[in-house]
Structures are given as C-alpha cells and as structure tokens.
Amino acid sequence: MTDFQPKSDFLATLIERGYVHQASDLAGLDALAAKGGVVAYVGYDCTAPSLHIGSLISIMMLAWLQRTGNKPIALMGGGTTRVGDPSGKDETRRILSIEDIEANKNGIQRVFSNLINFGNGTIDARMVDNAEWLAPLNYIEFLRDVGKHFSVNRMLAMDSAKLRLEREQELSFIEFNYMLLQSYDFVELARRYGCNLQMGGSDQWGNIVSGIDLGRRMGTHQLYALTCPLLTTASGAKMGKTASGAVWLNEDLLSAYEYWQYWRNTEDADVSRFLKLFTFLPMGEIVRLSALGGAEINEAKKVLATEATALVRGRAAAEAAADTARRAFELGETASSLPTVEIAAGEVDAGLGLLNAFLKAGLVSGTGEARRQIEGGGLKVNDNAVSDPRATLSRSDFNSDGAVKLSLGKKKHVLLKLV
C-alpha cells in the first residue's frame with residue numbers, strides 16, 4: 001500500500017485520510033476511478049432505527065466517492081436483515097418482523113442526505129433496497145443458479161463462520177446463507193445499475209470477495225472490493241460505544257449536544273486520525289490542528305466535534321451544541337439545551353440519594369462507581385463537588401425552572417428536571 005501511487009483523486013483521498021484497509025485490485029480500481037467510472041455500494045442492514053458512528057466511516061467513503069466524480073449506491077438491507085449477518089457476532093441476531101425492518105429502514109435513511117446528493121444525474125446517488133430482488137426469490141431456483149457456485153468448505157473457512165464455530169457458539173443455517181445473499185446483492189447491483197465496487201468494514205472482506213467470485217462465475221463485468229479498518233480508539237475501545245450505550249447518528253436517539261460531546265471527549269492520540277476520517281476539512285488545516293500540543297489540543301477537539309456533528313446534524317445544530325458546551329463549561333451556566341432527564345418531584349421529596357440521582361441521570365453505571373467518583377472528587381451538583389455519598393437531593397438544589405445540574409468530571413453534564 002505504501003508503494004502504491006494512485007492516479008485517481010478517489011483513491012488518493014482515501015489512502016491519504018486512512019480509509020483503506022484491503023483492496024482486491026488497487027491498480028485496476030484506480031484506473032477506473034481516474035475516468036470517473038466507479039459505481040460503488042455499501043450495504044446497511046436495518047437492525048435498529050438508526051445507524052451509529054461505527055457506520056459513519058463507510059458513509060464518508062461514499063461521500064468522498066461522489067466528491068471525486070464517481071457514483072455511490074446506499075443499499076438498504078430490507079431483505080438481508082430478515083436473515084442476519086453473522087460477521088463479528090457471538091450469537092444469532094434477533095429475528096425482526098417485516099414491520100420493524102421497514103420502520104428501522106425509514107429511520108436509517110435520514111442521515112444519508114446530509115452527506116450525499118441523491119438524484120438522477122451522472123454521479124447522483126441511488127438508494128435501493130435488496131428486498132426488491134431477494135424477497136421474490138424462489139428457493140429451489142436460487143440454490144440451482146447461485147448456490148451451486150459456493151463451496152461449503154470455503155464458507156466454513158471464512159471468519160464469520162470459523163470464529164463462531166471455534167468458540168463453540170451456535171451458527172444457525174439461516175445465518176450461514178447470509179454470504180450467498182450478500183454476494184448475490186453485488187451481482188444484482190452490477191446487472192441493474194452497473195455497480196463495480198463494494199465497500200465495507202474489514203469484517204466484510206470474505207463476503208465481498210465472494211461476491212466478486214460469484215460475479216465472475218455468473219458473467220458480470222469486473223468487480224472490485226475495498227474495505228476500511230474497524231476503528232478502535234487509541235486506548236483500544238470500540239468506536240461507537242460508550243458506558244451509556246451506542247452513539248447514534250439520528251437526533252431522536254441522541255441529542256446534538258451529546259453527539260458533539262462524544263467527539264469533544266476524543267483522546268488526544270486520536271484527534272488527527274479522526275479529523276481525517278470524520279470531517280471534510282482540507283488536509284492543510286488538519287495538519288495545523290494536529291500539530292497543536294498541550295492545552296491547545298482542546299481547540300482541535302472542539303473543531304473536530306463541531307465538524308463531525310455538522311456532517312450528520314447540520315451546521316446550525318453543531319454550532320448550537322458548541323455554544324451550549326461553551327456556556328456550560330467555560331461560563332459555568334446551566335444551559336437549557338443540556339441533556340435532560342425527568343424525575344418525579346415525589347422522589348425528591350421522599351429523599352433521593354445522590355448516588356441514585358447520578359444513576360438515574362445516566363452519568364454512572366452503578367452506585368459503586370458513583371462512590372468511587374465521589375472519592376476522587378468527580379461528581380458535582382450545580383458545579384459543587386460532592387463529598388458525602390449519603391447526601392440527598394432536596395428542593396433547594398433545583399432552580400426556578402425545576403432543574404439541577406449533575407456533572408461527572410469536567411465534560412459530562414445532565415439536567416435532572418422535576419415533573
């Protein structure tokens with residue numbers, strides 16, 4: 001990879017910014033991209049009402065594809081979600097109803113229009129659903145026409161199956177078929193829309209190259225594979241997960257302020273990498289921000305937070321979140337747009353312990369963690385450090401709007417509001 005010198009803007013951008021993990025034929029793909037001839041897709045199964053930031057890297061790859069003169073396809077997995085992808089999973093996914101899958105699909109679709117332009121133009125994006133061709137399939141015909149091209153020996157050697165079996169964890173027959181369906185998706189997209197590249201996370205490599213092989217056997221044009229790394233933070237944590245749950249891309253599952261805060265809390269060692277992957281800032285500006293040291297690195301983190309939030313929530317929401325953070329942290333104000341958790345007034349009147357208050361606010365995972373935070377001076381009520389784990393909240397702690405500000409460290413704040 002280090003010796004490869006791309007001629008296309010597409011691969012030059014992706015390699016420079018750290019998106020490329022594996023590729024089936026870099027030179028062939030580069031020649032195609034240099035002519036603006038790449039039609040690439042990424043598939044997104046509809047397992048939840050929103051994607052989380054673990055999917056953002058592949059959406060950014062589609063966005064850069066379009067920005068460099070090529071055509072993206074966002075494939076909704078209305079069909080494959082009925083089966084469940086075993087890749088990277090320790091247990092069988094819960095089977096969802098058709099109604100749940102449709103509702104999830106509608107939620108997932110929202111984020112794409114913020115990053116990709118859809119329409120009927122040459123490089124305008126398409127959004128399609130694989131249920132269109134998977135749902136009507138005749139099983140016998142599918143086995144005869146597609147299944148005959150797959151070796152069970154090879155399928156069992158793929159990580160998605162091998163790792164599950166090595167750990168003696170069940171792999172259902174329906175999941176075992178997932179590779180066939182994803183491979184067939186690639187063939188159908190090639191036939192219907194001229195698609196020639198599938199992109200995805202590195203855990204999808206086996207499924208993607210199986211699609212290339214199926215296309216060769218079924219007479220499509222040349223197909224290509226390109227995967228991105230599955231990101232972890234510098235400390236080894238998986239991207240997209242926090243103590244309080246997933247970092248969702250949709251506003252109705254995670255406020256713009258909380259989303260902004262996730263990026264603001266980036267570890268120092270990750271700032272440069274995340275600026276490259278999760279913003280459209282030019283590389284010169286990223287180099288400048290990455291060179292900041294000491295306390296100045298916080299300014300780079302604020303830029304990262306605002307730019308990353310603007311991608312999926314819009315510029316106005318990102319700047320409002322940044323302003324809320326500035327007022328809450330730098331000016332010490334209790335901003336009304338902080339995350340809010342409602343609590344019954346009767347609970348406070350009955351004597352709500354501070355440990356349980358922080359637990360209800362989602363700032364700690366248990367009262368044991370709350371006690372440890374108190375010992376280290378990490379918990380605050382209205383910016384005043386908590387020293388007594390037996391203390392309770394009283395009505396006097398709440399302001400005229402019926403809210404009290406609870407804080408964990410300097411960066412995590414929640415309003416507890418009486419109802």
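Heads up: numbering here begins at 1 and tracks the sequence. These numbers were taken from a predicted model, which means no experiment stands behind them.
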- request: Output all residues satisfying salt bridge (Lys or Arg N to Asp or Glu O under 4.0 Å) with Glu342, sequence neighbours left out; order by chain, then residue number.
  value: none
query: Who are the side chain to side chain donor-acceptor pair (under 3.5 Å) partners of Gln109, not counting sequence neighbours?
result: none
field: Set of residues satisfying side-chain contact (heavy atoms from CB on, under 4.5 Å) with respect to Glu251, sequence neighbours excluded
entry: Ser255, Ala256, Arg313
task: Using the test side chain to side chain donor-acceptor pair (under 3.5 Å), find all partners of Asn120 that sit at least two apart in sequence or belong to another chain.
output: none
message: Run the salt bridge (Lys or Arg N to Asp or Glu O under 4.0 Å) test against Arg17 and tell me which residues pass, sequence neighbours left out.
response: none
message: Can you list everything that forms a side-chain contact (heavy atoms from CB on, under 4.5 Å) with Arg217? Sequence neighbours excluded, please.
response: His149, Asp213
query: Got a sec, which residues hit side-chain contact (heavy atoms from CB on, under 4.5 Å) with Ala27, two or more places apart in sequence or on another chain?
result: Phe4, Asp25
Which residues share a salt bridge (Lys or Arg N to Asp or Glu O under 4.0 Å) with Glu369, sequence neighbours left out: none
- prompt: Residues two or more places apart in sequence or in another chain: which of them pass ring-ring contact (aromatic ring centres under 6.0 Å, His included) with Phe186?
  reply: Tyr41
message: Run the salt bridge (Lys or Arg N to Asp or Glu O under 4.0 Å) test against Asp129 and tell me which residues pass, sequence neighbours left out.
response: Lys105
field: Salt-bridge present (Glu375, Arg372; N to O < 4.0 Å)
entry: no
statement: residues 275-323 vs ring pair (Phe, Tyr, Trp, His ring centres under 6.0 Å), sequence neighbours excluded, gives Trp64-Phe280, Trp263-Phe278, Phe274-Phe278
query: Which residues pass the side-chain contact (heavy atoms from CB on, under 4.5 Å) test with Thr220, sequence neighbours left out?
result: Val187, Ala190, Leu223
- prompt: Would you say the side chains of Glu258 and Tyr262 form a donor-acceptor pair under 3.5 Å?
  reply: no
